[in-house]
Amino acid sequence: MSTSTVINPATEEVLRDVDLLDVDAVDDAVARAVAAQRRWARQAPAERAAALRAFAAVVDAHIGELAALEVANSGHPIGQAEWEAGHVRDVLTYYAASPERLTGAQIPVAGGVDVTFHEPLGVVGIITPWNFPMTIASWGFAPALAAGNAVVLKPAEWTPLTSLRLAELAAAAGLDPDLFQVLPGAGGVVGERFVTHPQVRKIVFTGSTAVGTRVMAGAAAQVKRVTLELGGKSANIVFDDCDLERAAATAPYGVFDNAGQDCCARSRILVQRNVYDRFMELLEPAVAGVKVGDPASRDTEMGPLVSRKHWESVRGYVPDDAPVAFRGSAPSGPGFWFPPTVLTPQRTDRTVTEEIFGPVVTVLAFEDEADAIALANDTSYGLSGSIWTENLSRALRVTRAVEAGNLSVNSHSSVRYSTPFGGFKQSGLGRELGPDAPLHFTETKNVFIAIGEI
Ligand code: NAD
């Protein structure tokens, strides 16, 4: 069995080695998950609801530990990591209500009674990225379990620690250890086996569009269900009638949160030309004010990038002759530090078109509403975005015209567990979170019972 070495990205210290599973180990795990799913689905809905509430309670009792693990493994600032662990608890609590509410329909038909059932799929395979390891995992496993499925989950190679701990916490809460299994391994081994294994009935994949495309193609061979949450290149559109001070003060946090390693990062700021100069004057001190440093410190707003390899990828977008308008600060010494960076390139530059997934933002000027919409939509992605305006009609016109799944007006909010989340175009397929998520882990079965005419 091979191992991977998990590194603290803020210090470059080795945290520990994690065993990487092979195909046989995945097959064993899936076989156990199949049996566990049957036992789980036979439990009364109220028992399954109580089990998920117990899981949420154990997570709640370990918020500090989970957050500290994420600080060490991913370099997330401690306040952010605590929010993430609390979010896992909240997602579990929210979907704990579902087992008792997955009601079908009774449909009027002639000669009998017609009812629908939401049957679980069986075993669901979840493949997660490294940027928000535990929150993204919970968006899959909580509604999947709530709908009566078993889950096998493959965390990203760089950041497996919180997911492994969550599986232990589930077992400590009383869930069958075979019902929710975390299987660390290489994408091309464990992830691919999820795709090819006939008893894994659905894949929830979050990651790059390149790998997501491959997962979807592989799933097609078995008509396997997929939910895909992929990349983004979202626009933050600043109109001249907005509260420009607030738009500029918040813009850094719309893109530099999690060091820009956020699929919803508003990494293209589009500013109406007549307020562009003023906006840039206001943006410069806001960027300088982002506190970059030790993620374990409560003051820190931005930590390091996740790995040396990723640092090199981000660095490649900012060569020495890059059109840098201004930059924030970053520590020197060990750790994968990259300062918040503001670029003013041409519209066609690759920094404008490609997902950088680091603390690098491009600012472009636009002429009018039509130009802003065209620019916002000039991308193969469509995940998120913000619109800054005091004009309600314009806000609604523009939000309807922007091709993206999650938009916010006069804020940069993207994720609430009670509202649907997902992308248009090549940002993904399907939706996570919100009230309907458990239904995406079921098949609708229609049953007609002949009773004769009444
Ligand atoms: P990635 O695509 O490299 O890896 C994602 C996961 O897929 C990892 O667990 C990896 O091991 C696995 N994988 C790799 N090859 C595989 C294969 N052949 N078959 C099956 N699985 C395989 O992405 P990443 O670098 O970990 O994450 C960054 C990307 O994720 C960015 O593009 C980002 O926008 C995207 N993302 C999207 C969302 C969203 O909700 N839309 C959220 C977070 C991240």
Side-chain angles (χ1 to χ4, degrees), residues 4 18 20-21 23 26 73-74 76 84 87 125-140 152-160 162-164 182-197 200 203-219 221 224 226-234 255 257-267 305-307 309-314 354-358 379-385 404-406 414-415 417 419-434 437:
S4 81
V18 171
L20 300 179
L21 302 189
V23 168
V26 176
N73 191 171
S74 303
H76 293 190
E84 290 166 24
H87 181 78
I126 299 174
I127 302 171
T128 58
W130 46 259
N131 61 331
F132 288 108
M134 63 179 148
T135 53
I136 290 174
S138 72
W139 301 354
V152 287
L153 187 148
K154 192 204 87 62
E157 291 87 322
W158 291 334
T159 56
T162 46
S163 298
L164 286 164
V182 172
L183 309 178
V189 179
V190 175
E192 289 231 13
R193 185 58 186 146
F194 286 5
V195 175
T196 60
H197 198 302
V200 176
I203 301 288
V204 179
F205 173 84
T206 307
S208 60
T209 298
V211 178
T213 309
R214 191 182 161 128
V215 166
M216 189 172 173
K224 188 171 294 199
V226 288
T227 296
L228 302 175
E229 296 287 1
L230 309 175
K233 191 73 186 176
S234 298
V255 57
D257 259 5
N258 204 27
Q261 304 166 120
D262 184 338
C263 49
C264 292
R266 276 66 166 172
S267 53
L305 292 171
V306 72
S307 70
K309 187 162 176 244
H310 189 55
W311 186 93
E312 278 160 7
S313 161
V314 174
E354 295 177 18
E355 184 184 44
I356 301 172
F357 223 54
T379 168
S380 53
Y381 294 117
L383 189 54
S384 188
N406 301 86
S414 295
V415 172
Y417 55 78
T419 60
F421 176 80
F424 279 34
K425 301 196 284 191
Q426 291 185 33
S427 283
L429 186 70
R431 291 293 178 272
E432 297 191 286
L433 298 175

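Remember, it's 1-based here, ligands and their atoms both numbered in the order they're listed. In this chain, residues are counted from 1 in sequence order.
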Option of least heavy-atom distance to [atom] (set: [options]):
atom	options	result
atom 44 (C) of ligand 1	V189, N131, L228	N131
atom 14 (C) of ligand 1	P184, G218, G212, G187	G187
atom 28 (C) of ligand 1	F357, F421, F132	F357
atom 29 (C) of ligand 1	P129, G207, P155, G188	G207
atom 2 (O) of ligand 1	S208, A265, A186	S208

(request) Return the minimal non-hydrogen interatomic distance between M216 and L228, and the atom names on each side. (result) SD-CD1, 3.8 Å
Atoms in ligand 1 flagged as close to [X], the criterion being non-hydrogen separation under 4.0 Å:
X	value
V211	2 (O), 13 (N), 14 (C), 15 (N), 16 (C), 17 (C), 22 (C)
I127	6 (C), 7 (O), 9 (O), 12 (C), 20 (C), 21 (N)
E192	17 (C), 18 (N), 19 (N), 20 (C)
W130	24 (P), 25 (O), 26 (O), 27 (O)
L383	41 (N)
I136	42 (C), 43 (C)
C263	34 (O), 36 (N), 37 (C), 38 (C), 39 (C), 40 (O), 41 (N), 42 (C), 43 (C), 44 (C)
T128	6 (C), 8 (C), 9 (O)

(request) Would you please classify the geometry between the W158 ring and the H310 ring as parallel, tilted or perpendicular, with 30° and 60° separating the classes? (result) tilted
(request) Indicate the ring-plane relationship of Y417 and H87, choosing parallel, tilted or perpendicular according to the 30° and 60° boundaries. (result) tilted
(message) W139 versus ligand 1: do any nitrogen or oxygen atoms come within less than 3.5 Å of each other?
(response) no
(request) Indicate yes or no: does an N/O atom of E355 lie under 3.5 Å from an N/O atom of ligand 1? (result) yes
(message) Measuring from atom CD of E355 to atom OH of Y381, what distance do you get when rounded to the nearest 0.5 angstrom?
(response) 5.0 Å
(request) Give, for atom CG of N406 and atom OG1 of T419, the distance between the pair rounded to the nearest 0.5 Å. (result) 7.0 Å
(request) Answer yes if a protein heavy atom lies under 4.0 Å from atom 4 (O) of ligand 1, otherwise answer no. (result) no
(message) With a heavy-atom distance limit of 4.0 Å, tell me whether V195 approaches ligand 1 through its side chain, its backbone, both, or neither.
(response) neither
